[in-house]
Amino acid sequence: MNAVDRLYRGFAARDPEAILGALHPEFVGTVSAGMPLGVGGTHTGPEAMLGDCWGVVFTHLDTAPYPEEEVWSGPERVVVFGHYRGTARASGRAHEAAFAHDLRLRDGLVAGLVQITDTARWGEALAS
C-alpha cells in the first residue's frame, strides 16, 4: 500500500499515528483560504498540520475525506478528487464538500498537499 492510500485510510480510521506515518518529515500542507476555524494557509511539518489544522477541524466536525478518483502524473505526484463527508459536532448538521488534493511524494511519503475545497460548505455546517 502506498503513502496516499495509507493517508486516506488513516483519515477514515480517525488514526493520528497512521496519518503521521504517511507524511514525510518535511511535509508542507496548504489549506484553502477561507476555511473556517482559522485553518487556511500553509502548515509546515507533519505535527503542525495535524495539530493546527486537521486536529482543529476534527474537534469541530466528525468528518473525513473520501477519495473518488486519483489522477497520477508521475510516480511522485497525484491529484485526488473526492468529498469530505461528516457531521458538525455542535450543530449536528450534515457536512459535505468537494475537494481536490494535489499531493507530492518524496521518499515514498506524502511531502506536500495543496487542498482546494468548497469552503462555504464547511462554514454552513459550522454555523450556529
Side-chain angles (χ1 to χ4, degrees):
M1 178 182 335
N2 66 41
V4 173
D5 294 336
R6 289 195 322 270
L7 179 64
Y8 288 105
R9 285 186 187 206
F11 285 129
R14 315 301 199 262
D15 183 345
E17 292 304 316
I19 293 168
L20 288 173
L23 303 181
H24 192 279
E26 296 175 5
F27 175 86
V28 175
T30 304
V31 178
S32 292
M35 279 291 288
L37 307 170
V39 300
T42 301
H43 303 272
T44 303
E47 291 80 11
M49 188 69 176
L50 185 64
D52 300 337
C53 179
W54 294 328
V56 173
V57 169
F58 296 150
T59 297
H60 295 276
L61 290 138
D62 181 10
T63 190
Y66 292 89
E68 296 160 5
E69 181 180 4
E70 294 181 1
V71 180
W72 288 84
S73 65
E76 296 185 340
R77 185 173 189 192
V78 60
V79 176
V80 179
F81 298 96
H83 285 83
Y84 295 99
R85 291 187 182 93
T87 306
R89 296 184 192 282
S91 70
R93 282 192 192 96
H95 163 68
E96 182 168 339
F99 74 78
H101 292 160
D102 180 1
L103 303 175
R104 303 292 178 121
L105 289 89
R106 185 177 339 134
D107 304 325
L109 297 170
V110 178
L113 180 152
V114 175
Q115 175 216 47
I116 302 167
T117 190
D118 184 348
T119 60
R121 297 288 171 247
W122 292 83
E124 289 169 3
L126 292 166
S128 54

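One is the number of the first residue; the rest follow in order along the sequence.
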For [X] and [Y], which heavy atoms make the closest approach, and how far apart are they?
X	Y	value
P25	P46	O-CD, 3.4 Å
A94	A125	O-CB, 4.1 Å
S32	T117	OG-N, 3.2 Å
G10	A18	CA-CB, 3.9 Å
L109	A3	CA-CB, 3.8 Å
G108	R6	O-NH2, 4.1 Å

Kindly work out whether a path of hydrophobic side-chain contacts (I/L/V/M/F/W/Y, heavy atoms less than 4.5 Å apart) joins [X] to [Y].
X	Y	result
V80	V28	no
V39	L126	yes
L113	L37	yes
L20	V56	yes

Kindly indicate whether the side chain of [X], heavy atoms from C-beta on, has any atom under 4.5 Å from the side chain of [Y].
X	Y	answer
I19	L7	yes
S73	V79	no
E96	D118	no
V31	M49	yes

Nearest 0.5 Å, what's the CG-CZ distance between L103 and R77? 9.5 Å
Residue pair R14, D62: steps toward the side-chain contact (heavy atoms from CB on, under 4.5 Å) verdict: CA-CA 9 Å; R14 315 301 199 262; D62 181 10; 2.8 Å; yes
Only pairs at least two apart or in different chains count here, so list each ring-ring contact (aromatic ring centres under 6.0 Å, His included) that has a residue in residues 24-77. F11-W54
With sequence neighbours left out, write down each residue that passes ring-ring contact (aromatic ring centres under 6.0 Å, His included) with Y84, or none if nothing qualifies. F99, H101, W122
Has R106 got more than 12 heavy atoms of other residues, nucleotides or ligands less than 6.0 Å from its CZ? yes
I'd like to know if R85 pairs up with E68 as an ion pair, taking the criterion as any Lys NZ or Arg NE/NH1/NH2 lying under 4.0 Å from an Asp or Glu carboxylate oxygen. yes
Step by step, would you call T87 with T63 a side-chain contact (heavy atoms from CB on, under 4.5 Å)? CA-CA 6 Å; T87 306; T63 190; over 6 Å; no
